[in-house]
Undergrad: 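Please find one structure pasted underneath; my questions will follow.
Counting starts at 1 for both ligands and their atoms, in listed order.
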Amino acid sequence: MTAHPTVRLKAREGRRIRAGAPWAFSNEVEMSNATKALAPGTVVNVAGDDGQVYGTGYFNPGSLIGIRLLGSRADIVPDEAFFAARLARAKDLRDALYPRPFYRLVHAEGDFLPGLTIDRFGDCCVVQITTAGMEALQKPLLAALDAVVSPEIVILRADTPARALEGLDSYVRAARGETSRIAVEENGIRYFADLAGGQKTGWYYDQRDNRAFMASVARDKTVLDAFCYTGGFALAAAKGGAREVIGLDSSAPALALAEDSAAANGVSALCKFVKADIFEEFERLGNAKETFDIVIADPPPFVKSRKDLEVGAKAYRKLARLGTRLVAPNGFLFLASCSHNIAPDRFAQECALGIGRSERRARLIRQTGAGPDHPVHPMLPESAYLKALVFALD
Ligand code: SAH
C-alpha cells in the first residue's frame with residue numbers, strides 16, 4: 001500500500017488543528033509545488049512543519065477550509081470498511097435515541113465525516129455531499145451505506161450552494177430507486193416531504209424537539225407558524241390540541257404539502273396555510289391588531305456569510321419586534337436562527353432588543369438548539385448552527 005502524500009502546515013500555523021479541531025485553513029498550509037499540484041479532494045497526511053502528524057484528511061487548495069480531517073492517524077484508507085464503521089457508529093447513536101428510523105443519520109464533522117450529511121426517512125436516505133474530498137469518496141461511501149442501512153431509495157442532493165466554493169457542480173439524482181413524496185414520522189405525527197424537490201434534504205429534523213415543546217404548550221391556543229415550510233410546527237401544535245393554527249410561507253409547493261399533511265392527520269379543520277411574505281404579513285397583522293397565543297418564527301438563514309452579520313442581525317431584531325406585536329397577553333414567542341454565522345449570544349441579544357422595543361415584559365424560558373441527531377464536534381462550535389429561544393410575554 002502506498003502512503004498518502006503529505007501536506008505540511010506553515011511554521012507556527014495550525015492553532016485550531018493542534019487544539020483538536022478537524023480543520024486547517026488554506027492560508028495555514030505550506031503551498032509547495034507538490035502540494036499545489038494536488039487535485040482538489042486528494043486524501044493526504046497532514047503534518048506540522050516540525051513533522052508532527054495531525055492525521056489523515058482531504059485537501060482542497062481552492063477552498064477556504066483547505067484540509068478536513070478524517071481521523072487522527074496517518075495513512076487512514078477511506079474505503080468501504082472505513083465508512084461502514086463510521087456509519088455504524090452514527091446509526092447506533094440514532095437508534096438509541098429514537099424508536100423509529102427517521103432521523104439525521106450523519107451530521108458531517110459532528111459524526112467525524114466532514115462534507116457529508118445524510119437524512120434517513122425509513123427505507124429512504126438523502127445524501128448531501130458538500131466538499132470535493134467527500135465527492136471523490138462517493139463510491140465507497142454509498143457501498144457502505146448499502147451495507148449498514150440497506151435503503152431502498154437513495155437520493156443524492158448535490159445542490160447546496162457550498163459546493164460551488166469547492167469547485168463542484170450541482171445536481172439532484174436518485175442513486176437507487178426513485179421518489180418524490182414520502183412520509184416522515186416525527187413525534188408520533190406523519191408528515192409529507194418532497195425529498196428531491198423540497199428545500200435542503202426535504203425535511204428539517206433539527207427542530208424535532210422544539211416542535212414537541214411548542215406542541216406541549218399549544219392546548220386550546222391559537223397559533224401562528226411563520227416560515228412554516230411543510231407544516232412542521234403547525235401540525236405539531238394542531239395535534240397538541242391547538243384551537244386554530246395559521247401557517248405562513250412564501251413557497252406554494254411547501255404549503256401544499258403542509259395542507260396534505262394536515263388532512264392526513266385529521267386536523268384540516270383547524271389549520272389554514274397561506275402564501276405570504278412574513279415581513280409584510282407581520283406588518284399587516286400588527287396594524288390590524290390581530291394577536292395569537294403562540295407565535296413561531298423559524299426563518300431561513302439571514303446571515304449567510306460573515307459579511308452579512310450586521311444586516312442579518314437587524315433582520316432578526318426586526319422579526320422579533322414585529323412578532324412581539326402579534327403575541328396575545330400571556331402568550332409565547334418562539335424565535336429561531338439557523339445561521340452558522342451568528343453566535344448564540346448575539347442572536348439572543350437581537351431578539352431581546354426587538355422585543356424590548358415593544359415595552360412588553362418578557363421572560364426567556366427556553367434556549368435550545370438542534371436535536372441530538374445533530375451532534376456537535378466539541379472543537380467546532382460553529383457546527384451548533386441552530387439557536388432557538390422561547391419567550392413568555394406578559
Ligand atoms: N419551520 C419550518 C422550516 C422553515 S425553513 C419547519 O419546521 O420545517 C424557512 C422557510 O422560510 C422556507 O419554507 C421558505 O420558503 C420560507 N421563507 C423564506 N423567506 C420567506 C419570506 N420572506 N416570507 C415567507 N416565507 C419565507
Undergrad: G231: heavy atom below 4.0 Å from ligand 1, yes or no?
TA: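 Per 4.0 Å heavy-atom rule, G231 does not contact ligand 1.
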Undergrad: Evaluate F227 for polar contact with ligand 1, using N/O atom pairs at a separation under 3.5 Å.
TA: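 Among all N and O atoms of F227, at least one is under 3.5 Å from an N or O of ligand 1.
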Undergrad: If you measure from the Lys or Arg side-chain nitrogens to the Asp or Glu carboxylate oxygens, is any gap between R157 and D119 under 4.0 Å?
TA: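 A salt bridge is absent here (no side-chain N lies under 4.0 Å from a carboxylate O).
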Undergrad: How far is atom 14 (C) of ligand 1 from the closest protein heavy atom, and which atom is that?
TA: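 Protein heavy atom with the smallest distance to atom 14 (C) of ligand 1: D249 OD1, 3.4 Å.
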Undergrad: Below 4.0 angstrom from a heavy atom of Y229, which ligand 1 atoms are there? Numbered from 1 as shown, please.
TA: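 Listed by number with element, the hits are 2 (C), 3 (C), 4 (C), 8 (O), 13 (O).
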Undergrad: Between W203 and F121, does the ring centre distance come in under 6.0 Å?
TA: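 Not under 6.0 Å, so no.
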Undergrad: Suppose we measure from atom 19 (N) of ligand 1 to each protein heavy atom; which comes out shortest, and what is that distance?
TA: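 Heavy-atom neighbour on the protein nearest atom 19 (N) of ligand 1: P300 CG, 3.8 Å.
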Undergrad: Can you list the atoms of ligand 1 that are under 4.0 Å from a heavy atom of S251?
TA: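 Listed by number with element, the hits are 15 (O).
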Undergrad: Are any of the N or O atoms of D298 closer than 3.5 Å to those of ligand 1?
TA: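 Yes, there is a polar N/O contact under 3.5 Å.
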Undergrad: Of all the heavy-atom pairs spanning A74 and V53, show the shortest one and how long it is.
TA: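 Between these two residues, the closest heavy atoms are CB-CG1, 3.9 Å.
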Undergrad: Ring centroids only, cut at 6.0 angstrom: are F334 and F233 within range, meaning strictly under it?
TA: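 Between F334 and F233, the centre distance is under 6.0 Å.
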Undergrad: Considering only non-hydrogen protein atoms, determine which one is nearest to atom 12 (C) of ligand 1 and report residue, atom name and distance to 0.1 Å.
TA: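 Heavy-atom neighbour on the protein nearest atom 12 (C) of ligand 1: Q199 OE1, 3.2 Å.
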Undergrad: Considering only NZ, NE, NH1 and NH2 on the basic side and carboxylate oxygens on the acidic side, decide whether R346 and E350 come within less than 4.0 Å.
TA: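 Looking at E350 together with R346, the answer is yes, because their closest N to O distance falls below 4.0 Å.
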Undergrad: What is the distance from atom CZ of F227 to atom CG of D249, rounded to the nearest 0.5 Å?
TA: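 These two atoms lie 8.0 Å from each other.
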Undergrad: Between D225 and ligand 1, does any nitrogen or oxygen pair lie at a separation below 3.5 Å?
TA: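 The answer is no, given that D225 and ligand 1 share no N or O pair closer than 3.5 Å.
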Undergrad: Considering only heavy atoms of A276, which atoms of ligand 1 have at least one such atom less than 4.0 Å away?
TA: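 So the atoms of ligand 1 that pass are 23 (N), 24 (C).
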Undergrad: Can you pull out the closest protein heavy atom to atom 21 (C) of ligand 1? Residue, atom name and distance to 0.1 Å, please.
TA: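 Minimum-distance protein heavy atom for atom 21 (C) of ligand 1 reads D277 OD1, 3.6 Å.
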Undergrad: Less than 4.0 Å is my threshold; does some heavy atom of A254 fall inside it relative to ligand 1?
TA: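 A254: no contact with ligand 1 (<4.0 Å).
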Undergrad: How far is atom 23 (N) of ligand 1 from its nearest protein heavy atom, and which residue and atom name does that atom have?
TA: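 Ranking protein heavy atoms by distance from atom 23 (N) of ligand 1, first comes I278 N, 3.0 Å.
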Undergrad: Is D394 salt-bridged to R363, cutoff N-O under 4.0 Å?
TA: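 Here D394 pairs with R363 in a salt bridge, since their nearest N and O are under 4.0 Å apart.
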Undergrad: Look at atom 8 (O) of ligand 1 and find which of R211, M214, Q207 reaches it with the closest heavy atom.
TA: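 The option holding the nearest heavy atom is R211.
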Undergrad: Nearest heavy-atom pair of V303 and S339: which atoms, and what distance?
TA: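 Heavy atoms of V303 and S339 come nearest at N-OG, 3.1 Å.
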Undergrad: Mark up the atoms of ligand 1 that fall under 4.0 Å of a heavy atom belonging to F233, in ascending order.
TA: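 Matching atoms, with element in brackets: 1 (N), 7 (O).
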Undergrad: In terms of atom number and element, which parts of ligand 1 are under 4.0 angstrom from non-hydrogen atoms of C228?
TA: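 Reading through ligand 1 atom by atom, the close ones are 2 (C).
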Undergrad: Which protein non-hydrogen atom lies closest to atom 26 (C) of ligand 1, naming both residue and atom, and how far is it?
TA: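 Residue, atom and distance for the closest contact: S250 OG, 3.1 Å.
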Undergrad: Salt bridge check, E281 against R284: does any charged N sit closer than 4.0 Å to a carboxylate O?
TA: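 Counted as a salt bridge, because a side-chain N and a carboxylate O are separated by less than 4.0 Å.
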Undergrad: Would you mind checking if E283 and R325 are paired as a salt bridge, meaning a charged N to carboxylate O distance below 4.0 Å?
TA: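 A salt bridge is present here (some side-chain N lies under 4.0 Å from a carboxylate O).
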Undergrad: Is there a nitrogen or oxygen of Y204 sitting under 3.5 Å from a nitrogen or oxygen of ligand 1?
TA: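 There is no such contact.
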Undergrad: Is atom NZ of K314 surrounded by more than 12 heavy atoms (other residues, nucleotides or ligands) closer than 6.0 Å?
TA: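 It does not: K314 NZ has 12 such atoms or fewer within range.
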